> 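Quick one: structure below, then a few questions.
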Amino acid sequence: MMTMQRMTTDFPDRASLIVYLQATTGVQDMQVSSIQGGARSAKQKIAQLDLEAYRHDRNHLTGHVSGLSPYIRHGLISISDLVKDLAASYPSDVRARFVQQCAWRDYFQRVHQADPCQVWQDRESYKTGFSAQVYADELPLDIQQAQTGVRIIDQMIQRLLSEGYLHNHARLYLAAYVVHWRRVKWQAGAKWFLSHLLDGDIASNNYSWQWVASTFSAKPYIFNLENVQRFAGDQLDVQHQTNQCFNMSYESLSRQLFPNLQTGA
C-alpha cells in the first residue's frame with residue numbers, strides 16, 4: 001500500500017521554499033515570479049501607494065501601479081476596506097482614478113454574480129464584421145510559447161509566463177492581438193490568462209477580454225505601434241522591425257482587421 005508523503009510547509013525563507021519545490025518537482029529551471037505573497041507583502045504594497053503619481057502615469061508600463069491585484073484576488077485585501085482607508089489619506093480628486101479602477105473590478109464582479117452561467121458566453125455578438133464561428137477555438141502554440149515572431153508580443157508573453165503578472169495595458173495589447181490579429185475566440189485567450197496570472201479573477205479577466213473582443217462593448221479594442229511606443233517606456237523593444245505589423249494608423253488597421261465593416265458585408 002502506497003503512503004502519501006507529507007509536504008513540508010514551514011521554511012526559513014523564500015529561497016529555501018524555491019529549492020524545496022525544485023527538488024520535489026524535478027524542475028530545475030523553474031521560473032519564479034518576483035511577486036511575494038502574504039499579509040506582510042500586502043501591507044507593504046499599501047504603504048508604498050502613491051496615488052498622486054498613479055493618476056498621472058498608471059497607463060504607462062513603467063507607471064506607478066498599485067500591484068495590489070494578487071492580494072485582492074486571494075482575499076488578503078478587501079476593496080471596500082482599502083477604499084475607506086485611502087479616503088483618510090488622500091483628497092477625493094487624487095484618489096478618484098484609483099477608486100474608478102476599483103469600481104470597474106466591482107462592476108465585473110456584480111455582473112458575474114448576477115448571472116454566473118454567462119461568464120464564458122458571449123454577452124453580445126462581435127462588432128467586428130465577423131460571426132463568432134469565424135474565430136478559432138484554440139490558442140495557437142506560437143502564442144502559448146512566446147514564439148509569434150513579433151518582438152513586443154513575445155516580450156509581453158514571456159513576462160506573463162515568468163512573472164504571472166502583466167500591467168493592465170499590456171493585457172489589453174495581448175488580448176487585442178489574440179482576438180483581432182490572430183482571430184482567436186476570446187474564451188481561449190481568457191483561459192490562457194487564468195492559467196498563468198497570479199491575480200487571475202474570472203470576472204475581471206473574462207469581461208475585460210469581452211470588452212476587447214467587442215462582445216461586451218460597443219466596438220473592438222485595437223492598438224497601433226505609436227500607442228505602444230507612447231506607453232511602453234523601456235519595457236518593450238518597440239523599435240524592432242518585427243513590430244511593423246502594428247505600424248500604421250488606426251484607420252488603416254481597422255480596414256485591415258475588419259474588412260467587412262468597410263464594405264458593409
Side-chain angles (χ1 to χ4, degrees), residues 9-15 17-18 32-116 119 156 159-160 162-175 190 193-212 216-217 221 231-233 235:
T9 58
D10 188 21
F11 301 91
D13 50 46
R14 193 167 189 255
L17 168 60
I18 294 170
V32 180
S33 174
S34 62
I35 297 173
Q36 298 192 32
R40 181 182 300 175
S41 295
K43 290 178 181 179
Q44 290 175 344
K45 288 289 185 183
I46 293 174
Q48 293 167 359
L49 276 176
D50 183 348
L51 295 191
E52 181 64 50
Y54 176 93
R55 68 172 177 163
H56 292 297
D57 67 9
R58 71 173 187 85
N59 283 326
H60 293 261
L61 302 194
T62 56
H64 291 78
V65 296
S66 73
L68 292 174
S69 56
Y71 308 100
I72 294 172
R73 162 64 181 85
H74 294 285
L76 292 173
I77 298 174
S78 159
I79 286 182
S80 59
D81 289 343
L82 177 62
V83 170
K84 290 177 183 177
D85 290 343
L86 294 177
S89 305
Y90 293 93
S92 59
D93 61 324
V94 174
R95 67 177 189 275
R97 186 58 62 89
F98 183 80
V99 172
Q100 181 185 55
Q101 296 309 304
C102 291
W104 270 112
R105 187 182 186 93
D106 184 63
Y107 169 68
F108 288 141
Q109 295 294 331
R110 292 174 184 270
V111 171
H112 178 44
Q113 292 168 5
D115 195 351
V119 75
M156 287 186 283
R159 181 168 179 80
L160 171 67
S162 63
E163 282 291 298
Y165 176 83
L166 277 175
H167 187 286
N168 186 61
H169 214 154
R171 299 184 196 202
L172 297 179
Y173 291 150
L174 267 186
F193 265 24
L194 286 175
S195 69
H196 292 289
L197 288 173
L198 293 176
D199 63 356
D201 171 86
I202 192 170
S204 295
N205 180 71
N206 286 27
Y207 286 119
S208 292
W209 272 85
Q210 291 217 53
W211 183 83
V212 168
F216 196 46
S217 60
Y221 170 84
F231 292 105
Q235 295 296 295

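As the structure is a computational prediction, the values presented were derived from the model and not from experiment. For reference, positions follow the sequence shown, starting with 1.
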> When you look at I77 and K45, which way does the side-chain contact (heavy atoms from CB on, under 4.5 Å) test go after all the steps?
CA-CA 11 Å; I77 298 174; K45 288 289 185 183; 5.9 Å; no
> Between V119 and Y207, which heavy-atom pair has the shortest distance, and what is it?
CA-OH, 3.8 Å
> Go through L86 and L51 one step at a time and tell me if the side-chain contact (heavy atoms from CB on, under 4.5 Å) criterion holds.
CA-CA 9 Å; L86 294 177; L51 295 191; 3.9 Å; yes
> Establish, from distance only, whether the side-chain atoms of S34 and E163 form a donor-acceptor pair under 3.5 Å.
yes
> Return the minimal non-hydrogen interatomic distance between S69 and Y165, and the atom names on each side.
OG-CE1, 3.8 Å
> To check you understand the geometry: which heavy-atom pair defines the closest contact between L166 and L197, and what is its length?
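Result for this residue pair: N-CD2, 4.1 Å.
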> Determine whether S66 and Q48 make a side-chain contact, defined as any pair of heavy atoms from C-beta on separated by less than 4.5 Å.
no
> Any heavy-atom pair between the side chains of N206 and H112 that's under 4.5 Å?
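Contact flag for H112/N206 side chains = no.
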> With a 4.5 Å cut-off on side-chain heavy atoms, are I79 and D106 touching?
no
> Run the numbers on R14 and V32 for side-chain contact (heavy atoms from CB on, under 4.5 Å), then give the verdict.
CA-CA 11 Å; R14 193 167 189 255; V32 180; 3.9 Å; yes
> For the ring pair F108 and W104, is the centre-to-centre distance below 6.0 Å?
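For F108 and W104, the ring centres are under 6.0 Å apart.
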> Answer whether the closest heavy-atom distance between the side chains of N205 and W209 falls below 4.5 Å.
yes
> Main chain of A53, side chain of D50: is a donor-acceptor contact present, judged purely on distance under 3.5 Å?
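Answer holds: yes.
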> Just grab all the salt bridge (Lys or Arg N to Asp or Glu O under 4.0 Å) pairs involving residues 193-211, residues at least two apart or on different chains.
R171-D199
> Do any pairs count as a side-chain hydrogen bond (donor to acceptor under 3.5 Å, both in side chains) and have a residue in residues 71-85, sequence neighbours left out, and if so which ones?
S78-S80
> Would you confirm whether H167, through its side chain, and R58, through its main-chain N or O, come within 3.5 Å as a donor-acceptor pair?
yes
> Which atom pairs, one a donor and one an acceptor, fall under 3.5 Å between side chains of residues 93-102 and the rest of the protein, sequence neighbours left out?
residue: R95; atom: NH1; partner: Y90; partner atom: O; Å: 2.7

